[in-house]
Amino acid sequence: MPRHSSEGQKTLLVAVRLLVIFLVCAETVCAQSPPAPSVENTDHASFTDTTQQLKLDFRAKAYHTSKKYLLETMGSGVAVFDYDNDGLLDIFFANGAPIRDSTAKGTVPQKASSADWNRLFHQKKDGTFEDVTEKAGLKGVGYSLGTAVGDYDNDGLEDLYVTGYGGNHLYHNDGNGTFTDVTEKSGTGGQGAADAMWFTSATWVDLDNDGKLDLIVLRYAKWDFEDVWCGEHREGYRSYCHPDIFPVIAPLVFHNNGNGTFAEQSAKYGLNKPGKGLGIALADFDRDGKIDIAVANDSMLEFLYRNKGDGTFEEVGLPAEIAVDSDGRTYAGMGIDFQDYDNDGLPDLVITNLANQKYALYRNNGDGSFTYDTYISGLAQITLLHSGWGIHFFDYDNDGLKDLLVAQGHDLDTVELNFPQLRYREPMLLARNLGKGKFLDVSRAAGDVFQQPWVGRGMAVGDLDNDGRLDAVVSTNDGPPHVLHNGTESGNHWLRLLLVGHTSNRDAIGATVKITTGSGPQYLTVSTGGSYLSSSDKRVHFGLGANTAVSDVEIRWPSGIVQHLSNVKADQQLKVDEPAR
């Protein structure tokens with residue numbers, strides 16, 4: 001549909017497309033799901049939980065109460081990033097603060113002891129981790145939720161932003177193993193009315209291509225500690241309230257002024273549509289050279305913001321057909337990722353949700369619209385009875401196809417009382433990309449770690465031991481974290497790129513990387529965002545299959561500079577500096 005078409009025409013087109021999808025679905029794949037493919041001959045996937053061996057001694061605190069405050073269900077995020085530039089990824093966990101049955105309206109919870117601290121773990125040369133939280137100055141304040149990593153002042157050191165209930169905190173990396181809380185000076189705290197203080201996921205991105213990272217911070221709802229009874233009025237059946245009863249609220253957008261300060265400009269950018277944001281991801285979905293933004297909203301329309309190229313964005317979720325599922329229904333959008341899983345050069349979307357809703361997979365059609373491919377891909381059958389949060393496209397076996405890893409667990413700790421087929425605690429999900437748009441659940445054959453039920457929430461991905469295989473760190477609600485070490489023996493090759501911007505932002509966030517091998521092209525967008533409340537490694541990782549070299553690497557930097565590298569050898573990390581214009 002041409003962009004100059006009237007809104008009435010767009011709405012009619014969407015309605016017609018949804019009707020066609022519904023009718024086709026009713027007669028074919030939705031009427032009877034295809035049999036699940038066998039997991040035989042896919043047991044090459046091998047993951048182990050190495051949390052204890054790595055000496056990650058931490059437990060997230062949620063402080064569940066009998067009042068069933070909705071905040072208790074959310075869990076907290078995790079970040080993997082190299083804060084000291086020693087080439088090894090470090091790990092940061094956000095953590096909660098005391099909530100009690102007697103918590104009064106207008107209260108902002110505060111950390112009461114070391115058990116409530118956020119935690120920074122430094123990776124030592126032997127691969128184990130040491131707790132450096134106190135030394136680094138990252139104990140935190142208040143009830144922390146989300147993490148976002150980015151070098152906002154382009155000094156070559158990764159800075160850290162932590163969201164939470166009651167306000168947010170920006171920590172500047174001082175380069176000597178310590179961080180300084182510059183929230184007040186920078187103007188990024190977001191403090192305001194108590195019922196508008198629930199901040200969730202955030203991401204760093206250069207919205208105006210001035211070479212400096214800006215910050216988008218989602219808010220969940222206008223909510224406070226009110227004693228609202230939801231669920232049945234009998235012992236043990238009180239439940240957390242549905243988000244529909246709480247008003248929507250717009251995100252905040254902090255523009256980087258370049259002098260250590262930021263200005264809130266969500267309205268100026270057109271990124272101020274009220275929602276119930278839980279996940280945020282970025283990619284150039286229409287391949288016009290300008291970064292776009294996708295937002296996972298809870299139990300309402302999902303958002304897709306198209307970059308108009310004039311310094312503003314327009315929300316196009318409905319005409320792009322990612323706002324609802326194939327039946328035109330909203331769902332509990334929570335985690336999100338925005339990458340090209342079918343190697344056609346067009347970024348695709350995946351959004352997790354609650355059991356009985358099916359994770360939403362949207363394949364990019366290349367004409368500004370997406371197709372809901374949850375059924376045809378096999379994800380409908382795989383995810384129907386599951387609840388997903390953190391999610392990431394990643395190539396676990398380096399075969400050149402991006403697979404899916406999902407942290408799972410319901411939000412209602414009473415869900416099994418009314419729905420015995422569902423579970424509050426769930427194992428992780430590993431779905432292998434078979435090519436041609438199909439995914440296969442290989443969790444059962446991927447190691448004992450995929451048999452352990454957790455209340456999964458945040459998840460960050462990165463190669464923790466630099467062995468060429470992507471690992472993951474998962475946070476749980478009111479529980480310990482888990483490191484999924486990837487020990488898959490595939491014999492496939494890989495390439496990892498560390499991009500350093502000069503005209504562009506130093507992290508190269510928003511750059512698009514295309515590689516070409518004998519097996520064809522692959523594409524990745526540089527980002528630390530996505531997933532749920534979490535921040536992943538900024539380095540881009542490609543699986544190469546049997547190819548021992550990459551014939552061409554094409555990097556489209558946010559500045560507009562296009563760079564090519566030829567005949568790059570496999571099985572290495574390559575640092576690439578942005579060239580001068």
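Remark: the backbone N or O of G275 is not paired with any side-chain donor or acceptor of N297 at under 3.5 angstrom. The backbone N or O of V162 sits nowhere less than 3.5 Å from a side-chain atom of T147 that would complete a donor-acceptor pair. Counting only distance, with no hydrogens or angles, the side chain of S504 and the backbone of G211 share no donor-acceptor pair below 3.5 Å. Listed for the D344 side chain is no donor-acceptor partner under 3.5 Å among the backbone atoms of D340. No side-chain donor-acceptor contact under 3.5 Å links T528 to the backbone of S536. Looking only at distances, a side-chain donor or acceptor of N307 sits under 3.5 Å from a matching main-chain atom of G309.
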Residue pair R496, D463: steps toward the salt bridge (Lys or Arg N to Asp or Glu O under 4.0 Å) verdict: CA-CA 10 Å; R496 185 167 57 240; D463 186 355; 2.7 Å; yes

Step-by-step side chain to side chain contact (heavy atoms under 4.5 Å, CB included) determination, F542 to V513: CA-CA 10 Å; F542 292 95; V513 183; 3.8 Å; yes

M74 vs R457, side chain to side chain contact (heavy atoms under 4.5 Å, CB included): CA-CA, chis, key distance, verdict: CA-CA 7 Å; M74 292 296 167; R457 292 296 186 262; 5.9 Å; no

E426 and H386: CA distance, side-chain angles, deciding distance, side chain to side chain contact (heavy atoms under 4.5 Å, CB included) verdict: CA-CA 8 Å; E426 296 189 56; H386 299 291; 2.5 Å; yes

Worked verdict on M428 versus L405 for side chain to side chain contact (heavy atoms under 4.5 Å, CB included): CA-CA 7 Å; M428 297 279 293; L405 183 66; 3.9 Å; yes

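By the 4.5 Å heavy-atom criterion applied to side chains, I216 and Y269 are not counted as neighbours. In this structure, the side chains of I336 and L349 come closer than 4.5 Å at one or more pairs of heavy atoms. Residues D395 and D403 have side chains in contact (heavy-atom distance under 4.5 Å, counting atoms from C-beta outward). The shortest side-chain heavy-atom distance between I391 and L404 falls under the 4.5 Å cut-off. Using a 4.5 Å heavy-atom threshold, the side chains of L495 and V568 count as touching. With a 4.5 Å cut-off on side-chain heavy atoms, F81 and D151 do not count as touching. Under the 4.5 Å side-chain criterion, counting only non-hydrogen atoms from C-beta, D552 is in contact with H564. By the 4.5 Å heavy-atom criterion applied to side chains, I322 and Y372 are not counted as neighbours.
With hydrogens and angles left out, the side-chain atoms of S559 and E578 include a donor and acceptor closer than 3.5 Å. For the residue pair N343 / Y523, no side-chain donor-acceptor distance below 3.5 Å is found, with atom types taken as modelled. T188 and S186 form a side-chain donor-acceptor contact under 3.5 Å, judged by distance and modelled atom types alone. H493 and N547 form no side-chain donor-acceptor contact under 3.5 Å, judged by distance and modelled atom types alone. Y359 and Q408 form a side-chain donor-acceptor contact under 3.5 Å, judged by distance and modelled atom types alone.
Ring geometry, Y396 versus F394: the interplanar angle falls from 30° to 60°, so the pair is classed tilted. By the 30° and 60° cut-offs, the orientation of the rings of W204 relative to Y152 is parallel. By the 30° and 60° cut-offs, the orientation of the rings of F370 relative to Y362 is perpendicular. Ring pair W494/H541 is parallel by interplanar angle, where below 30° counts as parallel and above 60° as perpendicular.
In this structure, G529 and S527 approach most closely via the heavy-atom pair N-OG, 2.9 Å. Annotation for A355 and H410: closest pair CB-CD2, 4.3 Å, computed over non-hydrogen atoms. The nearest pair of heavy atoms linking K358 to T374 is CB-CG2, 4.0 Å. Taking all atoms of both residues into account, the shortest heavy-atom contact from V500 to H502 is O-CD2, 3.6 Å. The two residues T371 and N365 come nearest to each other via the heavy atoms OG1-OD1, 2.9 Å. Here the shortest heavy-atom pairing between A320 and L304 reads CB-CD2, 3.8 Å.
Within 6.0 Å of NZ on K308 lie more than 12 heavy atoms contributed by other residues, nucleotides or ligands. Counted within 6.0 Å of NZ on K222, heavy atoms from surrounding residues, nucleotides or ligands total 12 or fewer; the atom is thus considered open.
A salt bridge links E314 with R306: the closest approach of a Lys/Arg side-chain nitrogen to an acidic carboxylate oxygen falls below 4.0 angstrom. Between D397 and R469 there is no salt bridge, since no side-chain N of the basic residue sits under 4.0 Å from a carboxylate O of the acidic one. Contact check on D373 versus R363 returns a salt bridge, with a Lys/Arg side-chain nitrogen under 4.0 Å from an Asp/Glu carboxylate oxygen.
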